[in-house]
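Following: one structure in structure tokens, then a few remarks.
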Amino acid sequence: PPQPPQPPQPPQPPQPQPTTTTDAVQLAVLSHRFMGIAEQMGLALQRTAVSVNIKERLDFSCALFDAQGGLVANAPHLPVHLGAMGVAVAFQRAFYAPGGEGYEEWGERLRAGDVVLSNHPQKAGGSHLP
């Protein structure tokens, strides 16, 4: 038997299309937000530190990096560390990548949203002498 006619569907609202452009206001909001996150990372580190170098001398830096290791935002803690941070991020990416030294132990367990910390002066591009 023939199917009865279907009632007309209401028109669907247009779906937003992804864009690669960012307006100045959105850019300013995101920039300040990311900077605020990096600054809050530093405050949490200072507040919970045991080391006098961190707690009182403020000998640290905090920054956010994207998935490819590019710097997104850094807090103005101690800028001398920033030169080593990119190297440290590149080391971590290689270390935990398939075939990397740490992949077998940790790489398969890392998930989106996980955080990797580094404090190794030789292997991870640290800015301190051994």
Side-chain angles (χ1 to χ4, degrees):
Q3 297 288 334
Q6 298 292 324
Q9 297 293 322
Q12 296 295 320
Q15 297 296 316
Q17 297 297 315
T19 179
T20 57
T21 60
T22 304
D23 64 54
V25 173
Q26 184 179 21
L27 184 61
V29 168
L30 292 174
S31 175
H32 284 91
R33 180 66 182 134
F34 292 141
M35 177 68 84
I37 291 169
E39 289 172 350
Q40 289 298 316
M41 290 166 55
L43 290 173
L45 180 61
Q46 180 186 4
R47 193 173 47 250
T48 59
V50 176
S51 168
V52 172
N53 283 337
I54 305 271
K55 195 171 214 52
E56 296 177 15
R57 291 185 55 227
L58 308 180
D59 187 8
F60 64 87
S61 292
C62 295
L64 296 175
F65 293 85
D66 64 18
Q68 288 71 43
L71 180 66
V72 173
N74 62 280
H77 296 118
L78 197 60
V80 70
H81 297 130
L82 294 176
M85 283 185 161
V87 175
V89 171
F91 170 82
Q92 299 295 343
R93 292 186 74 227
F95 186 82
Y96 294 113
E101 189 179 330
Y103 182 74
E104 210 171 288
E105 183 178 353
W106 291 100
E108 293 179 335
R109 296 190 288 187
L110 290 175
R111 301 286 180 255
D114 285 352
V115 175
V116 177
L117 301 176
S118 171
N119 194 29
H120 196 291
Q122 291 85 32
K123 283 190 169 185
S127 60
H128 294 90
L129 298 174

_Can you list, by chain and residue number, the hydrophobic cluster partners of M41 when the side-chain cut-off is 4.5 Å?_
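M41 clusters with L30, F34, I37, L64, V72.
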*Linking Ile, Leu, Val, Met, Phe, Trp and Tyr by side-chain heavy atoms under 4.5 Å, what else ends up with V52?*
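Members other than V52 - counting any ILVMFWY side chain reachable under 4.5 Å - there are none.
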*asked:* Do V29 and M35 land in one hydrophobic cluster if side-chain heavy atoms of ILVMFWY residues count as linked below 4.5 Å?
replied: no
*Determine yes or no for a side-chain-to-main-chain donor-acceptor pair under 3.5 angstrom, with S31 supplying the side chain and L27 the backbone.*
no
*asked:* Measuring only between side-chain heavy atoms, which start at C-beta, is D114 closer than 4.5 Å to R111?
replied: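 Touching, per the 4.5 Å side-chain cut-off.
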*Any side-chain heavy atom of P76 within less than 4.5 Å of one from E39?*
yes
Minimum-distance pair of heavy atoms, taken over all atoms of [X] and [Y]:
X: A63; Y: F65; answer: CB-CE1, 3.7 Å
X: N53; Y: R57; answer: OD1-NH1, 2.6 Å
X: A73; Y: A38; answer: O-CB, 4.3 Å
X: Y103; Y: Y96; answer: CD1-O, 3.1 Å
X: Q68; Y: R93; answer: O-NH1, 3.2 Å

*With sequence neighbours excluded, residues passing ring-ring contact (aromatic ring centres under 6.0 Å, His included) with F60*: H77
*Might you confirm whether atom CZ of R109 has over 12 heavy atoms from other residues, nucleotides or ligands at distances under 6.0 Å?*
yes
